[in-house]
Amino acid sequence: MQRIGVFVCHCGSNIAATVDVKKVVEVIRSEPGVVHAEDYQYMCSEAGQERIAIAVKEHKLTGIVVCSCSPRMHETTFRKAAERAGLNPYMVEIANIREHCSWIHKDINEGTEKAVILARAAVAKVNLNTPLYPGESRVTKRALVIGGGIAGIQTALDIADAGYEVDIVEKTPSIGGIMSQLDKTFPTLDCSACILTPKMVDAAAHEKIKLYTYSEVEKVSGFVGDFTVDIRKKARYVDADKCTGCGLCQEKCPSKKTPSEFNRGLGNRSAIYTPFAQAIPNVPVIDTDACIKFKTGKCGLCQKVCAAGAIDYTQKDEIVTEKYGAIVVATGFDTIKLDNYDEYAYNQSKDVITSLELERVMNAAGPTHGHLERLSDGKAPKEIVFIQCVGSRCSDDRGKPYCSKICCMYTAKHAMLIRDKYPDVNVTVFYIDVRTPGKNFDEFYRRAVEQYGVNYVKGQVGKVIPQPNGKLLVQGSDLLDNKQILKEADMVVLATAIEPNKDVRKIATMLTASIDTNNFLTEAHAKLRPVESPTAGIFLSGVCQGPKDIPETVSQAGAAAIKVVGLLAKDKLMTNPCTAHADELLCNGCSTCANVCPYGAISYEDKQVNDHGIRETRRIAVVNNALCQGCGACTVACPSGAMDLQGFSNRQILAEVDAICR
Amino acid sequence: MQELITRAKELLENGTVARVLGWKIGDLPYNPEPAFFETAESLDKFVYNGFCGANLSKYMIEASKLEGKTLVCLKPCDTYSFNQLLTEHRVDRDKAYIIGVGCKGKLDVEKIKKTGIKGIVSISGAEADSACDTLEIDTLYGKKSCAYGDAMLERCHVCKGKEHKIYDELIGESRDTADKERFAEVEMIEAMSPEEKFAFFQKELSKCIRCNACRNVCPACSCRKCVFDSNKFDSAQKANVDSFEEKMFHIIRAFHVAGRCTDCGECSRVCPQGIPLHLFNRKFIKDIDELYGDYTAGAEAGSLAPLTDFKMDDAEPSIVNERG
Amino acid sequence: MCTEHKNENHECTCHTGYTLDTLIPKVGIITDIREETPDVKTFRVNAPEGGKLFEHLPGQCAMICVPGVSEGMFSITSSPTNKEYQEFSIKRCGMLTDHLHTLQVGDPITVRGPYGNNFPVDTVLKGKDLVFVAGGIGLAPLRSVINYVIDNRADYGKVDIVYGSRSADDLVQLKEIRELWMKTEGVNVHLTIDREQEGWTGNVGFVPTYLKELGESGQIEFGVNTISLVCGPPIMIKFVLAALKDMGVSKDKIYTTLELRMKCGVGKCGRCNIGSKYVCKDGPVFRCDEVDELPNEY
Amino acid sequence: MSVNNEFKPKIVAFCCNWCSYAGADLAGSSRLAYPADVKIIRVPCSCRVNPMFILRAFEKGADGVIICGCHPGDCHYSTGNYYARRRMTLLFSMLDYIGVEKGRARVEWVSAAEGVKFADTMNSFVSKIKDLGENVRLGDIRCKN
Amino acid sequence: MLKIAKKDLASLFALIKESGELYLPVKVAEQTNFAAYEDGAEFDLDTLKSVKSPKDVFFPQSETLYTCKNEGKTIKITPEELVDQPFVVFGMKACDVGGIEVLDRVFLSDPVDSFYAARRAHGTIVALACHEPEESCFCKVFGIDAAEPVADVATWMIGDELYWKALTEKGEALTEKVSSLLTDADEQVVENEKTAIRAIIEKLPYSDLSLEGWNGDAVAEKFDSKLWNELYKPCLACGTCTFVCPTCQCYDIKDYNTGSSVQRYRCWDSCMYSDFTMMAHGNNRTSQMQRFRQRFMHKLVYFPANNDGTYSCVGCGRCVDKCPASLNIVKVIKAFGEKGE
């Protein structure tokens, strides 16, 4: 039986509004083991934590129960408070009477009764708590960044600048990501390549950063501070050391028919290619499906023309195993497939393009060398219509329920650039709401409307019908004037919704990082810990965590970097003390627990044992506290209850069950 | 049986084994007891007949700790249990010299008594090498006879086959005794309505006297200290209040041996109140076969028990509601 | 109540003879707690309305039960001559004792007893010289006898107390030893501790060896009229008995107690029997020659 | 136990710390109401729930027990909920086999982002238990008084 | 001597039930055990021995001693009500009656166990002579005459009539209550039945078992024998033999937390269980050999030593029938008999 202090928090009115806090204190006072009970406005405040310290000294408490918000929020706060008061931090239990009680039960009697029961369960558990001492595990002072877009690059640069080695793993042949495909960027209309390429060069040149391009993460094991990652370096069939990047092979390559992924499929590329001119590393890759040498065995022209002799058809995929202390996911995004949106005739007419395709059309290095022309017949368009929220803010499951956040700004940018370069072109934008909340964002949008005369129509487009004369009939509605609009356009640009990279779910499973139904990685806490995954040692950078524009991505990349640096700066990490422990007098040595342990943390040894006078050597399970993460699978697999989990022991959970069913 | 005795004496004398684990003649015709024989002449009292139903593999846990090898006579169904104990490192293979003894189905004296036969003085027809189709029973109240099949243990009617799964030597021939569908009883209960099912198990389990014979005889239930005896789960209850504790004990025991139970039927054989305990374990065996693919515990040593394994597309727990 | 055997005041005549069953405990209140040593506390227990829960004889035990945890047998360390309260010295060494050590003054406690026989103070020991040999918490059972002897000092001869423990702060009842026992005439106390400890001026050494020195140096004579009472950890008892044997003390002149082995306390639950003797009914106090007759299963 | 003749069930919910407990928090912060009869016990993972806990809850008077965990594949400990799924399937099959009403014990996978699903699950489960009525078949008569 | 036809037994039982509870052998799920009689329950007087002995009626497998409730700062203890209504146990065989007498020596000796005493005081035992003793019976060895049970009432089932003879005033009082259904009967018929039963008992295989060498003062000689080391090996340490035995008296005291209060109850315990003697000082019987020896030494040596020669076994043969490893007291007695120790 412990000497327990119970502290019930008002949480301002969050709890006190629907739970009679005074009554909870009064009822819990008579619970066995409770020697002190009080309530306070804000337990998590400095003053609140101070009250704990006073009570511990005054009543010589050995256990603390705090009835407040979710332990996922303030468990560490109250554990530190207990530690400062001289108690072992694991003698603290939290009864969640806010999220699980006051916020969801309006009737004050019901709320109070439930709060008492939850408090009683916490007291029953603390009665059986034992002091726990976190172990230590060493930290590999290296980081891994998955994804080479602006998010990955910026994170890697910031980590490397802090002096730690970073590896970037990029699936495509070059780093740069989606940003490298953009023409200009809002709100400053900088040329995207101009601000991105220097960072790419820095990343390549930085002695602390190693690039694994055209590579994928294959397998991840271990845990925070001690990850072991297998990286598959796909065969480029070009020797990176010998290649000088002269580009002769790309010119001479006879197979030029493959659609260029970089140009969103609009232009073509050769079988041996670098995605774009400023590619880093500037080492081409042979696409085996398009290469005549691989398909028919003939050709081999690129090998002949290569002065450096860098072409090597016999190259094989290579698996590299590396050790890391932290992993940052920066897998970026892509536009959604528009197959469900045939009302916009995206698949019927070549002149209906997505905004990202428009970026390539307006880009000098793009398929139309920067001239704004219709992709069907190459003529200069006179009427351009932009349709917003294509696939975003969708109530049915055709598209995405969320707002993709960046479309309003880049459509304003496109409209402004077109009006500026081709003043005679009319630009109409059909929108539901224009959302330009950032710094200088709304002023940018205002300039597009007032200075460049972009015609913004509040309304949705019902249908886009390709006309026999090659034009596109846009049927839309104008909600402000409350009338239907029929407009003939030469070109229609769809502001398409964005979704996380399609490989992110496979990576999340490998990292055991939690992921939500829209495939965005779940952050540890939406407001307080946006750049960390709940899984320790995994950090989130860029759109993989949620839709965001480049300025936010870069700031989040920096935040993720400093979190990684904070982790790598430690020599030792405190490991979770709630690990499994085998009672050597009860253990049968039957290996059932080792079969279910996901971390291989259980090994066996023959030990001399004195079981109440019987001395013999027995095969005993031994848990490696550094590897064990405390999931508890082994405690249920063990029939005799020899294996128990510290912090969530069988008797503690049974005590909670008893207290609840009383 | 004589061949078995001479072979045992030979192995004992030439030192291959230090002791023989078999059965000793009882003082009544139907109660031979498992026994260790260390000397050749003590083997004269060795017996192997229709009443030697005990599964000796559990004794091998302690015997593995003794000096020298132990000769153990295992029936076909016992060898599954030995394999299972081997998988769980509880017995030592090189401390055991296994003789696979033939089996023509084992007898249950309770069944003979249930037919009204009392005051049994002698029984013939149960010898290992006899035809084993009728039993001639001489009693204080006159000569009686009883068909071998009617006196056979329930587990022999659903015998898993006479092939020994692990042995060093085979002695004696077997006879197939399976004449009932293994899951017939389980399916019959599953077909009942919830009220009938509850009434059936309430009636059966209310007889339980908490003697732990089923647990202590079961080769799969071989913990050093059972969870019901320790305070690990605060569940060391021994009350017989005929309400919940018996259900908790038997469900949890069946759960702990799920995927490890070889259906050797010992629990039903030893229950003093004749509770059909095999119905619990066989239910789990049927579920595991249906949901996760056929699995016979102890078929070969080292197989991964179903509850320590998984597949990505396992059925959801709600299948129990849909299955009707 | 029972229909047939009713008498006028509604008492069922067929089982009037039984007081409240001996297995039902009484509720007492803890009125004082003294921290003897880091792991031993002495609890003073009174009936709720004051006074003692029940009368007892020196050496008898009582079963302290905590609902929901378990119950344990502890010797009553206060002397029967003390009229206001009873005391128990409890060492922290398990689930139940852990729990008892967290109780406060004023907390309720349930006690049943008294159980077992007692040191024969009014018969064999009367008029004899007494030698008490105790080790660690073993002093608790003997303390009730010592205080009884001190309260009826005239009925007994010379009293020697040899008491030792692991270290100085493991000596139980040190205050009482110094203020009461050492000051009573005819009672001399010989304290010892196992290992050297600074600030300790008394003897250093194990109890059996110290007893032997005292015996051989004549400070304690083991005459025909001397009875020894021994209590402590089993190995200490073994060596003390050997030492006493060397000094010519016959087994029937030595008493010991086989406490710590009881459950029901009324000789029925079948746990505490050694051979045909039930420790809780025929003991826990035994003469050493009786102990030798028992089969060695204790 | 029934209070002013309307049956108030006692329901124990075992929620895994990484997904369903976070889902419950999200349901809370989104103010999605569900009956107060549900009391949540936090466990590291759904694979920590031992059949003894479930039977103990029923023994002491619970009318319904629900085990929530991460969606298979999302488990923070990678394989925990796979084992939990097999264990619970077998346990529920045994409970149905001895005649306990179907649906009195249930497993539900709720991710950290599915606050709505958590609230809906709890509402549907409580109404299901109210239909089934008080737990008589798995209770211990000594706990009833 | 009175008698009643077998077909009228149901009305006899109904009549007895009016004045108090009636326990008799009832067949439930094909097993015969003593249970409270409800009208229409399928009573079974043919099966010779119930699985669990009727000691359960007087010394139940588990009974609550008292309930504690925390009330504010004090604990409120409410002892369980002692049995105070008369009841009748019908159909007890001579060996079980002997068993109750053995228990009387334990529970009624000072300090009296009032729970047991109350039940004994209010219980009337109607014994039934064994019609066809079985091969595992050896009550004769312990001086019990199966043909002539000595209880409050002795009955014999002869043909399809039950012969009834009251032996004590409790028996007389019960006979008084049911006299309306009983008619006078011929003593001689019962005498012939007795001689027939005794003749069968002579022919039982265990009847010539000799207890020579087993008595109160054989403690040292039997305790140190090496035979125990061979005999105990097949024992599974389960509690079957102790829980079916009519004379086993050992019990454990445990708590049950019902949530609102704590019930302290007493339940049967078995000396064969591995932690039976686990107490504060540790466990003084750690090996199964010690526990096996303790069980038979208590029945045949320690109990006689404390109870002027009465053995704590009545030869009912239930342990012979029910032991999973076919070990029992007869094999132990025979083993020591052959070795001549």
Side-chain angles (χ1 to χ4, degrees), chain A residues 69-73 94 96 98-107 109-111 113-114 117-118 121 125 505 508-510 512-518 520 522 526 534-535 578 596-599 629-637 641 645 647-648 650 653-654 656-662, chain D residues 10-19 21-22 24-45 47-54 56-62 65 70-71 73-80 83-84 87 111-114 119 122 143:
Chain A
C69 57
S70 167
R72 290 177 60 252
M73 187 95 94
I94 306 235
N96 186 341
R98 187 178 73 174
E99 281 87 343
H100 294 178
C101 184
S102 67
W103 273 353
I104 49 174
H105 306 317
K106 290 297 154 263
D107 175 319
N109 303 331
E110 254 185 15
E113 189 200 325
K114 178 168 180 183
I117 291 174
L118 292 178
K125 184 172 183 196
R505 185 158 274 277
T509 310
M510 269 193 278
T512 71
S514 28
I515 191 164
D516 69 13
T517 43
N518 297 320
F520 287 116
T522 320
T535 313
C578 296
V596 296
C597 176
Y599 299 95
Q629 296 300 301
C631 69
C634 54
T635 57
V636 179
L645 190 64
F648 291 91
N650 295 321
I653 297 178
L654 284 174
E656 285 184 275
V657 167
D658 286 355
I660 283 174
C661 299
R662 238 197 305 211
Chain D
K10 272 188 203 152
I11 293 182
V12 177
F14 292 97
C15 290
C16 96
N17 175 43
W18 301 95
C19 287
Y21 195 92
D25 283 356
L26 184 59
S29 45
S30 330
R31 307 305 195 273
L32 302 170
Y34 53 85
D37 317 312
V38 178
K39 280 106 190 175
I40 291 172
I41 294 181
R42 185 164 70 123
V43 283
C45 177
C47 67
R48 176 69 188 95
V49 178
N50 194 321
M52 291 272 269
F53 301 158
I54 297 168
R56 175 63 164 261
F58 282 125
E59 173 193 356
K60 296 287 179 179
V65 178
C70 308
H71 288 268
D74 288 356
C75 173
H76 174 65
Y77 303 101
S78 68
T79 59
Y83 294 121
R87 291 171 187 158
S111 93
E114 289 171 320
M122 290 305 155
C143 294

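Bear in mind the structure is a predicted one, so any value in this text is a computation, not a measurement. Here is how names work: the chains are called A, B, and so on, in the same order as the sequence lines, proteins then strands, and each is numbered from 1.
Distance check, rounded to the nearest 0.5 Å: CE of M52(D) to CG of L654(A) gives 7.0 Å. In this structure, the separation between CD1 on I660(A) and NZ on K60(D) is 13.5 Å, given to the nearest 0.5 Å. A distance of 4.0 Å separates CG of N96(A) from OH of Y21(D), quoted to the nearest 0.5 Å. Taken to the nearest 0.5 Å, the NE2 atom of H76(D) stands 6.5 Å off from the CD atom of Q629(A). A distance of 13.0 Å separates NE2 in H105(A) from CZ in R31(D), rounded to the nearest 0.5 Å. Taking CZ of R662(A) as the reference point, atom NZ of K10(D) lies at 10.5 Å (rounded to 0.5 Å).
Using a distance-only test at 3.5 Å, with no hydrogens or angles considered, a donor-acceptor pair links the side chain of R48(D) to the main chain of F648(A).
Of all heavy-atom pairs spanning H100(A) and Y34(D), the tightest one is CA-OH, 4.4 Å. Contact record, G630(A) with P44(D): O-CB, 3.2 Å, taken as the closest heavy-atom pair. Here the shortest heavy-atom pairing between T509(A) and G73(D) reads CG2-O, 3.7 Å.
Residue D107(A): no heavy atom, backbone or side chain, is found under 4.5 Å from chain D. Proximity to chain D (any heavy atom under 4.5 Å) is shown, for I515(A), by both the backbone and the side chain. Contact annotation for A27(D): only backbone heavy atoms (N, CA, C, O) come within less than 4.5 Å of a heavy atom of chain A. Proximity to chain D involves both the backbone and the side chain of A637(A), based on heavy atoms less than 4.5 angstrom apart. Neither the backbone nor the side chain of D37(D) has a heavy atom closer than 4.5 Å to any heavy atom of chain A.
Of the listed residues (C69(A), A513(A), P71(A)), the one with the most heavy-atom contacts under 4.5 Å to chain D is P71(A). The candidate from E114(D), H71(D), R87(D), E59(D) with the greatest count of non-hydrogen atom pairs under 4.5 Å with chain A is R87(D). Contact count against chain A (heavy-atom pairs under 4.5 Å) is highest for S29(D) among C16(D), S29(D), A119(D), A113(D). Contact tally against chain A (heavy-atom pairs below 4.5 Å) for L32(D), V49(D), V38(D), I40(D): the top residue is I40(D). In terms of heavy-atom pairs under 4.5 angstrom with chain A, the leader among D25(D), N50(D), D74(D) is D25(D). Across S111(D), P51(D), A57(D), A112(D), the residue that shares the most heavy-atom pairs under 4.5 angstrom with chain A is A57(D). Ranked by heavy-atom pairs under 4.5 Å with chain A, the list P35(D), S30(D), C19(D) is led by P35(D).
The side-chain contact (heavy atoms from CB on, under 4.5 Å) with T512(A) is formed by just one residue from the set S78(D), C70(D), C75(D); it is S78(D).
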